[in-house]
Amino acid sequence: MSKYPFTSIEKKWQDYWEREKTFKAVEDPSVPKEKRRYVLDMFPYPSSQGLHVGHPEGYTATDIYCRYLRMNGFSVLHPMGFDAFGLPAENYAIKTGTHPRISTEGNIDKFRAQIKALGFSYDWDREVSTHTDDYYKWTQWIFLQLFKKGLAYEAATPINWCPSCKTGLANEEVKDGCCERCGEPVTRKNIRQWILKITEYAERLLQDLDLLDWPEPIKLMQRNWIGRSEGANVTFALENHEDSLMVFTTRPDTLFGATYMVLAPEHHLVKKITTAEHRQAVEDYIEQANRKSDLERTDLAKEKTGVFTGACAINPVNGKKIPIWISDYILISYGTGAIMAVPAHDERDFEFAKKFDLPIIQVVSEDGSLHDMKEASAGDGIAVNSGEFDGLPTKEFKKRIIAWLSERGLGEATVNYKLRDWIFSRQRYWGEPIPIVHCPVCGIVPVPEKDLPLRLPEVESYTPTGTGESPLAGIEEWVNTTCPVCGGPAKRETNTMPQWAGSCWYYLRFLDPKNDGIFVSQERLAYWMPVDLYVGGAEHAVLHLLYARFWHKVLYDLGHVNTPEPFLKLVNQGMILGEGGVKMSKSLGNVINPDEIIQAYGADSMRMYEMFMGPLEVSKPWSTRGLVGVHRFLDRIWRIALRPLSEENPSEDLVKLLHKTVKKVTHDTAGLEFNTAIAQMMIFINELYKTETNYRDMWETFTLLLSPYAPHLGEELWEKLEKKPSVSRQSWPAWDEELTRESEVTVVLQINGKTRAKEDLPAGISEKRMKEIALSNGRIRELLAGKKVIKIITVPGKLVNLVAK
RNA sequence: GCGAGAGUGGUGAAAUUGGCAGACACGCCAGACUUAGGAUCUGGUGCCUUACGGCGUAAGGGUUCAAGUCCCUUCUCUCGCACCA
């Protein structure tokens, strides 16, 4: 028995690729635009645990695809780098005193080695890490462009605060009211923040999703996250007050059904309008709401709470006086922070009205008649109890009432978004310093671009102060600086950027990673952009992918990039679960270590198995047994390769199988359907194996097909064929369509849709002849005895169905 | 609760337009061979039935000559959102 020597083969070819720079991407102007592809993986955060088996899944998929493209004459950009700022390294630093740079770079070295051990065809000359100053110089530069465009501003706002990490979090970093990183419940804290005006791009971020070839569920998630909603702002006069109260509603047609108003506890009018009689109760309620964590406040299961302010508003459509309440089911951050409550047609308002015994007036009816409102009905219908508007269908009513309100200066059509501005600062050390100086004379002053990068200073302690300031605040000599404008004493911004910053634009830096004059040159942009295929986990559906799109659009508006969208096609690889279908986790002890797999079975087996498991996009459980099966397949290939090469002609059947295999592997590889491509290669190998010989031409073709999947073995087989490396530079094989056709087809003979017999018939046989054969088939005649054939359906080359009675 | 996706052998999964359900692989069974290292080779393997045959793609209904595929209802699982007015 020959044991397939994968360890030495893999080492040999990895060394060769590295030495020869086989996969260097070059900007060759003679390659036409349509023959260039930019294929990108989501770069990893180099955690201390090393590579996870989930990483190689997406990376293998893009690698196979890139190798396939190169063999088809494409110029391919396929880079890799590291998302190197982030909390884990800093938390580790707090615990051990190790500088985050030291631990991060150690992890990067480990990751790089692990990734290289899988034989991916990256152009390593383009590697970037977001934490190096020649990289974050440009992250800072982009921030300054946002600032200068008025898209970055400072505000003291209540933010999500993780008491454990002692830092503010973006909405997207809060999962079920808890910190996504550490799991502690998130509280609210009012601190000074840097905020990016992503809301200014809400409409375009929404609209341009239509330009993208992304999975529909991901687009939908982004649409929901942006949460566009059309309605109207309506102004209500207040009784005994100068001020008026503006509310947002998507159902201005239900104005006649508004029986009370509700303000968020934080609404600025609350203090003004509350009457002396209700002051104490209102203040208590506000105090209570303030203390609640986000989790408590958004808990849907809880009963609605609220108090009456004592004030009343006047309904503009009928002059009716309606009471104003406050309740924490109204969010200050959405719309105007106030609503008109229409309990008959809104579930939440209904619940509230029931609890506090407020009137419920039906103003919409499905059939135009009045009903006893046992529950809220939120659907469209016909207006009732609405004065001159009675009888109007909801849609029409909306238009009419908005016009009515506009004429009187009482309201206007309004669009609201759920999307909030992006809280961009972190009270942390290990991130890009925000390049801003606070001058007592000039105010907020950007650091001049020529002074970038603004380097992270060394600190004694990484522990957050917990006061809402980063550890940077403790370094006097760094914080104290001079104002770039007036030259007077000034202080540096001590907040740093969130981890998303670096990953917002890394795909651009890959184009031109060494350029120290500009973040990316126009020539490189023109050559490669946009990213043709972007592969990564679905967990980034609304985080990274929305932020990156936002930055890209800003850069596009400023003329710095050449496409409105960065990522043309997106594919999410499914998760790899532990054996048994449960999540892989340290606590369950079912984590598979890629290093051990590579050592025992080789990188080619690992790659191929992960592709053979099932479709790329779905989650699937790991099975070491399954991996062994794939390993056996490669071993079998090796044993065929050890046979002496034959110059004889293989059988016609085998030639046909080869051509079918080329066709199927080509089609499936191009469509990222790697599992079925591999199955087809297995079918071919099983047949070839039985011949106990090895036909040279056939073997050459098969080696080419195999090489994107098992690149090390591919190179080795190519060399054994006495060919010059690299196999990755050869042309992808073609197939002869004629040879993929069967000369004989099996035709199914059915009676009333049930298969009763089969006949092998020549391909291309006429339908008439098929019918004749079906009717003369012995078995069929037997079963048809005493029955009458009513109808005969034939599908050419496939079946004859006899409908009989 | 709302939204999206998925449910096929003992297991991972295949199945252009509706046209032989279960390719390929794991596991299992039998046999061969051995140089016993997760060996290798050949054959078998959806379920029920001695057989003929029947039944089978979460459950139920429908459309159709024909349904894993299309339509309706229900159930289960996964993911996302979660008082967004």
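Below, chains carry the letters A, B, ... as their sequence lines are ordered, and counting in each starts from 1. The analysis underlying the following values was restricted to heavy atoms, covering all of them including side chains, and did not include hydrogens, waters or symmetry mates.
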> Can you tell me the Watson-Crick or wobble partner of C26(B), both distances under 3.5 angstrom?
Replying inline: G10(B)
> Paired with U40(B): which nucleotide, if any, by Watson-Crick or G-U wobble criteria at under 3.5 Å for both distances?
Replying inline: A32(B)
>> Could you tell me the Watson-Crick or G-U partner of C70(B), where both distances fall under 3.5 Å? Say none if there is no partner.
In response: G62(B)
> Across all strands shown, which nucleotide pairs with G5(B) by Watson-Crick or G-U wobble geometry, both distances under 3.5 Å?
Replying inline: C77(B)
>> If you assign each of Ser229(A) and Pro217(A) to its closest nucleotide in RNA chain B, which residue comes earlier from the 5' end?
In response: Pro217(A)
> What integer number of Å spans the P atoms of C28(B) and U76(B)?
Replying inline: 35 Å
> Looking only at side-chain N and O atoms, does Thr676(A) come under 4.0 Å of OP1 or OP2 in A23(B)?
Replying inline: no
> Are OP1 or OP2 of C41(B) and a side-chain N or O of Arg639(A) less than 4.0 angstrom apart?
Replying inline: yes
>> Apply ring pair (Phe, Tyr, Trp, His ring centres under 6.0 Å) to residues Tyr601(A) and Tyr609(A) and explain how you reach the verdict.
In response: CA-CA 10 Å; Tyr601(A) 303 98; Tyr609(A) 170 62; 9.7 Å; no
> Does any nucleotide pair with C83(B) by Watson-Crick or G-U wobble geometry, both distances under 3.5 Å, and what is it?
Replying inline: none
> Want to settle it: does Ile793(A) or Pro615(A) sit nearer the 5' end of RNA chain B, counting the closest nucleotide to each?
Replying inline: Pro615(A)
> Is any side-chain nitrogen or oxygen of Asn572(A) closer than 4.0 Å to OP1 or OP2 of C79(B)?
Replying inline: no
> Does a distance-only test, which skips hydrogens and angles, find a donor-acceptor pair under 3.5 Å between the side chain of Lys758(A) and the base of C20(B)?
Replying inline: yes
>> Side chain of Pro621(A), heavy atoms from C-beta onward: which of G12(B), U17(B), A23(B) has the nearest atom to it?
In response: G12(B)
> On a whole-Å scale, what distance lies between the C1' atoms belonging to A36(B) and C41(B)?
Replying inline: 16 Å
> Taking the chi torsion of G9(B), is it syn (within 90° of 0) or anti (everything else)?
Replying inline: syn
> Reckon Asp349(A) touches a base, only the sugar-phosphate, or nothing at all at heavy-atom distances under 4.0 Å?
Replying inline: nothing
> Using the P atom in both, what is the distance from C71(B) to G19(B), to the nearest Å?
Replying inline: 15 Å
> On a plain distance test, is the side chain of Lys418(A) in donor-acceptor contact with the base of C81(B) below 3.5 Å?
Replying inline: no
>> Side-chain N or O of Arg756(A) versus OP1/OP2 of G54(B): is the shortest distance under 4.0 Å?
In response: yes
> Looking only at side-chain N and O atoms, does Arg636(A) come under 4.0 Å of OP1 or OP2 in C41(B)?
Replying inline: yes
> Whom does G56(B) pair with, Watson-Crick or G-U wobble, provided both distances fall under 3.5 Å?
Replying inline: none
> What does Ile792(A) touch in the nucleic acid at a heavy-atom separation under 4.0 angstrom: a base, only the sugar-phosphate, or nothing?
Replying inline: nothing
> Any idea how His540(A) and His544(A) line up, ring-wise: parallel (<30°), tilted (30 to 60°), or perpendicular (>60°)?
Replying inline: perpendicular
>> Counting only Watson-Crick pairs (N1-N3 plus N6-O4 or O6-N4) and G-U wobbles (N1-O2, O6-N3), all under 3.5 Å, who is the partner of U17(B)?
In response: none
> When you check the phosphate oxygens OP1 and OP2 of G38(B), does a side-chain N or O of Arg632(A) lie under 4.0 Å from one of them?
Replying inline: no
> Within the pair Asn675(A) and A14(B), is there a side-chain N or O less than 4.0 Å away from OP1 or OP2?
Replying inline: yes
